[in-house]
K.L.:
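One structure, as structure tokens, below. Some questions next.
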Amino acid sequence: MSRCWLMKTEPTTYSIDDLARDGRTHWEGVRNYQARNLMRDMAVGDRVLVYHSNAKPPCVTGEARVAREAYPDPFARDPDSKYFDERATAADPRWFMVDIEFVRKLASPVPLDILKNAPGLQDMVVTKRSRLSVQPVTSAEFDIVCSLGAGDTR
DNA sequence: GCCAACGTTGGC
DNA sequence: GCCAACGTTGGC
């Protein structure tokens with residue numbers, strides 16, 4: 001039984017279009033313990049909602065799938081990386097990342113204010129002003145978001 | 001650009 | 001182990 005997640009990204013840093021182009025990517029740079037722990041709970045095949053934060057409007061833009069389980073984030077040990085953390089060692093890598101692969105873009109992105117008002121999504125973490133960059137999502141929530149994004153609402 | 005929310009750090 | 005100071009996130 002695969003689980004569902006939501007992962008935030010700033011589209012100016014890495015957008016759903018970047019993921020569509022790359023097909024697959026590694027999700028480096030998560031430097032929050034709760035988010036890290038959630039990534040370590042991920043299994044290959046888990047479904048992921050890709051969320052654009054700091055976007056106008058902030059929205060869910062697509063779907064991805066976990067392609068590789070958590071492994072040490074090498075950027076934590078690269079002094080030239082903005083994700084460098086001098087406390088990370090080979091024996092204790094401290095920070096982890098997963099690989100995800102592109103599944104599809106939503107026909108129409110689902111903005112945050114729609115999520116907040118959609119029946120069935122009142123408990124969805126992202127609607128709670130949560131700063132967590134990796135969030136658990138129920139399969140029911142996942143399906144509702146996908147159906148909201150299925151139609152062309154323009 | 002503002003600022004509320006909240007996670008992290010470090011002095012004690 | 002408390003908690004004030006500080007830094008970051010991210011909606012608005």
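We name chains A, B, ... by the order of the sequence lines, and we start the count at 1 in each one.
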K.L.:
Could you tell me which residues satisfy side-chain hydrogen bond (donor to acceptor under 3.5 Å, both in side chains) with A/Asp17, sequence neighbours excluded, listed by chain and number?
P.N.:
A/Lys105

K.L.:
I'd like to compare against my own output: the B/S/- annotation of nucleotides 2-9 of chain B with a strict under-4.0 Å heavy-atom distance to protein.
P.N.:
---BBSSS

K.L.:
Should side-chain heavy atoms under 4.5 Å link Ile, Leu, Val, Met, Phe, Trp and Tyr, which residues sit in the same cluster as A/Val66?
P.N.:
A/Trp5, A/Met7, A/Tyr14, A/Ile16, A/Leu19, A/Trp27, A/Val30, A/Leu38, A/Met39, A/Met42, A/Val48, A/Val50, A/Val98, A/Ile100, A/Phe102, A/Leu132, A/Val134

K.L.:
Rounded to whole Å, please give me the gap between NZ in A/Lys56 and C1' in C/dC12.
P.N.:
11 Å

K.L.:
Residues in side-chain hydrogen bond (donor to acceptor under 3.5 Å, both in side chains) with A/Asp113, at least two apart?
P.N.:
none

K.L.:
Quick one: name the residues clustered hydrophobically with A/Tyr71, using the 4.5 Å side-chain heavy-atom rule over I, L, V, M, F, W, Y, and just say none if it's on its own.
P.N.:
A/Met97

K.L.:
With A/Phe84, which residues qualify under ring-ring contact (aromatic ring centres under 6.0 Å, His included), at least two apart?
P.N.:
none

K.L.:
Rounding to an integer number of Å, can you tell me how far A/Lys116 NZ sits from C/dG10 C1'?
P.N.:
11 Å

K.L.:
Just to verify, what does A/Gln135 make a side-chain hydrogen bond (donor to acceptor under 3.5 Å, both in side chains) with, not counting sequence neighbours?
P.N.:
none

K.L.:
Just how large is the angle between the end axes of the helix from B/dG1-C/dC12 to B/dC12-C/dG1, five pairs per end, to 10 degrees?
P.N.:
10°

K.L.:
Got a donor-acceptor contact below 3.5 angstrom from the A/Asp78 side chain to the A/Asp80 backbone?
P.N.:
yes

K.L.:
Residues two or more places apart in sequence or in another chain: which of them pass salt bridge (charged side-chain N to carboxylate O under 4.0 Å, His left out) with A/Arg77?
P.N.:
none

